Every structure is written in C-alpha cells, then in structure tokens.
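Remarks on the structure that follows.
Because the structure is predicted, anything quoted here is derived from the model rather than measured. So you know, we letter chains A, B, ... as the sequences are listed, proteins then strands, and number each from 1.
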Number of protein chains: 2
Amino acid sequence: MKQYYSYENFRNDTQKLILEVKNFNAGAIVSVARGGFTLAHCLAEGLDIRDVQSIRTELYDATCKRKELSLFGACSLADVSRVLVVDDIADSGETLAYVMQHLQKNFPEAVFKSSTLFIKKTSIYEPDFWINEADAWIEFFWEKDFSLAG
Amino acid sequence: MKQYYSYENFRNDTQKLILEVKNFNAGAIVSVARGGFTLAHCLAEGLDIRDVQSIRTELYDATCKRKELSLFGACSLADVSRVLVVDDIADSGETLAYVMQHLQKNFPEAVFKSSTLFIKKTSIYEPDFWINEADAWIEFFWEKDFSLAG
C-alpha cells in the first residue's frame, strides 16, 4: 500500500524537525541525493545554514550474490565541527549507515548527526533525529507531483 | 514588495519546466546551493535523472571595492555528455554565469544548459530554460514556510 506524503505533511513535519535539530547547532548540511535534497534545502533555510553539500550513493550488482554501495561526491568539511546529514527516509538504513561511517572516517574531528522524516521498523540504522515511523510505502510529493505519467 | 511563491505555484511551474527541459536529455543535474536544491530534486524525479550533484558559491568581500565569487564542491561529470544546471532564480545572474563558465572549463566535452524558475530583467545571464520574469522580490516557499520567526 502506498501512502501519499503531501507538501502540507512535509511542511508540518519539517517544522517539527527544525525544532528538534536546532540545538545541535550544525555548521553544515550534507544532503543524500536524491531523496534528501528538498528536506536539506528547507532545513537549511529554517536553521539558517548556508553551507549545504551533497553526496550520492549507488547500489551496484557487484556479484550475483551481493550488492555493493558506492559513494560519489567529495564533501569539504575540514573547517566544520558539527554536520547534519539529511535524507528523506531510513528505509533499509544501509545508505545512511554507510554515509555516516564514510564521513566520520574522512573527518574524524567533526561531529555528525543524521536526520530523516521517516524510519522503517526494519531499518538497520536509527537516525539521531526522525519524525515518523513508516508502515506503508511512502510516496513523497516530489516523487508523485512531477511524474510525467501524471 | 515581496511576492510569495507557494508550493502550488512551484508545482505548476516545475511541471512546465520539465516539459521544456525534457528534450535536452540530460544525464546529470548540478544544483546550485542552496536555492536550486528543491527544484533540482523535483526536476530529477520528473525527468528520471538519478545523478544529482551540487555546487556552492560564496560572495566574499575581497577588497573594499569589489566582491569576489568563490565556488565550492567538485562535480564528477567526466562520464556525462549533457548536464542540466539548476538554480531558483537568475537574479544578478552572476552566480549562474560563473558556475556555467567554471563547469564548461572543467568539462570541455560536455554540453551544459541552465534552468531556473525566474529571471530578473536586470540579470546579466539568461538561462537556457526559465518560466517567469520576476518584477518583485520573490519569497520562495522554502524561505518563508520554515522560518522559525515566521
């Protein structure tokens, strides 16, 4: 079952998330492409964070038996002490777990926290800040409202 | 005078922009931070482009007399032949002009086109695709709807 997540839902949840995340005092945001982009933008505006960067993951069929996650996009965070990593949903949780580990390894002196709108019960990773538990397949407005198939 | 630009306005205009940009067949999107992030995300969904990267500019007071624009964020576009660069508005036009020149210089074999929702009459640069001419100060929903003061 798909559950449509409208802009109005998003606005209300993102306003709540801003209040939760505010005290972390992040100096930069890293957005996970594509899913995290709209949330990262609106969090950055609400929290008045100008330094917004992005990172991209791809899942490859490395062998017949397992898939491998690859990361693209070099972040420049050497001068930042607190970084908020943003994605829309912790679904399997693998992407966010991998991104957090990668960033922490590359910038060992910075503190990284993660935030999403949704978490699935089955996620292997729990973001530091999240708003909703997802039971159904969430169909975000950015996925539904711009589909050429309509 | 400020003119509020709601999500409904954005949805309608972005749907139009998708139809205009579609035939360019971009293989990747470069989003100008922060302003281009939500549009880049929704264009990427509508156009089914998975490769979404970002670039960030800062205006420095280099001397008392003039300001200098600096670019942050390395894009990896070596394997992409057609790239869509996305920002919300061509205001002075300096950011987009600079970003386009920088990307073209770094990836001389790729074709770059730019798209925005708005262009100001006074912009020194005209994006390849745009929807509205801006007379007033546009207050985008991502600026207004998440303001803690608001």
Side-chain angles (χ1 to χ4, degrees), chain A residues 6-8 10-19 21-22 28-59 71-79 86 88 139-150, chain B residues 6-8 10-19 21-22 28-59 71-79 86 88 139-150:
Chain A
S6 69
Y7 175 68
E8 286 66 37
F10 170 80
R11 189 186 57 211
N12 292 337
D13 288 345
T14 302
Q15 286 168 349
K16 282 185 214 160
L17 195 54
I18 287 171
L19 295 177
V21 164
K22 198 173 53 158
I29 283 180
V30 173
S31 168
V32 180
R34 298 179 295 192
F37 263 53
T38 300
L39 179 59
H41 190 183
C42 297
L43 287 177
E45 292 283 349
L47 296 162
D48 197 21
I49 297 172
R50 303 198 74 82
D51 185 350
V52 183
Q53 308 182 28
S54 68
I55 203 164
R56 188 166 62 88
T57 62
E58 265 181 29
L59 206 58
L71 272 182
F72 301 89
C75 292
S76 45
L77 299 165
D79 300 331
V86 175
D88 50 358
E139 191 169 40
F140 292 98
F141 70 88
W142 50 75
E143 294 168 334
K144 175 78 175 170
D145 292 1
F146 303 93
S147 160
L148 288 176
Chain B
S6 70
Y7 174 68
E8 285 67 35
F10 169 80
R11 190 188 53 212
N12 293 336
D13 288 346
T14 302
Q15 286 167 350
K16 283 185 213 160
L17 195 55
I18 286 171
L19 294 176
V21 164
K22 197 173 52 155
I29 284 180
V30 173
S31 168
V32 180
R34 298 179 296 193
F37 262 55
T38 299
L39 179 59
H41 190 183
C42 297
L43 287 177
E45 292 283 349
L47 296 163
D48 197 21
I49 297 172
R50 303 198 74 82
D51 186 349
V52 183
Q53 307 183 29
S54 68
I55 204 165
R56 189 166 61 88
T57 62
E58 266 181 28
L59 205 58
L71 272 182
F72 301 89
C75 292
S76 44
L77 298 165
D79 300 330
V86 175
D88 50 357
E139 190 170 40
F140 293 97
F141 70 89
W142 50 76
E143 293 167 336
K144 175 78 174 169
D145 293 0
F146 304 93
S147 159
L148 288 175

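Interface remark: B/Glu58 contributes no atoms to any contact with chain A (heavy atom separation under 4.5 Å). Only the backbone of B/Ile49 comes within contact range of chain A, with heavy atoms under 4.5 Å apart. Both the backbone and the side chain of B/Phe141 have a heavy atom closer than 4.5 Å to some heavy atom of chain A.
Annotation: maximal heavy-atom pairing with chain A below 4.5 Å, among B/Thr38, B/Thr14, B/Ile55, B/Asp48, occurs at B/Thr38. Chain B forms more heavy-atom pairs under 4.5 Å with one residue of A/Asp51, A/Leu19, A/Ile29, A/Ile18 than with any other, namely A/Asp51. When B/Gln15, B/Lys22, B/Glu8 are compared by the number of non-hydrogen pairs under 4.5 Å with chain A, B/Gln15 comes out ahead.
Between A/Asp145 and B/Tyr7 the shortest heavy-atom distance is OD2-OH, 2.6 Å.
Atom-to-atom distance recorded for B/Ser54:OG and A/Arg56:CZ is 11.0 Å, nearest 0.5 angstrom. From A/Phe146, atom CZ reaches atom CG of B/Leu39 across 8.5 Å, with rounding to the nearest 0.5 Å. Here CG of A/Leu47 is found 11.0 Å from OG of B/Ser147. Values are rounded to the nearest 0.5 Å.
For B/Ser76, the side chain to side chain contact (heavy atoms under 4.5 Å, CB included) criterion is met by B/Gln53, not counting sequence neighbours. For B/Arg50, the side chain to side chain contact (heavy atoms under 4.5 Å, CB included) criterion is met by A/Arg34, not counting sequence neighbours.
Using a 4.5 Å heavy-atom threshold, the side chains of A/Phe37 and B/Val52 count as touching.
Relative orientation of the A/Trp142 and B/His41 rings is tilted, given thresholds of 30° and 60° on the angle between their planes.
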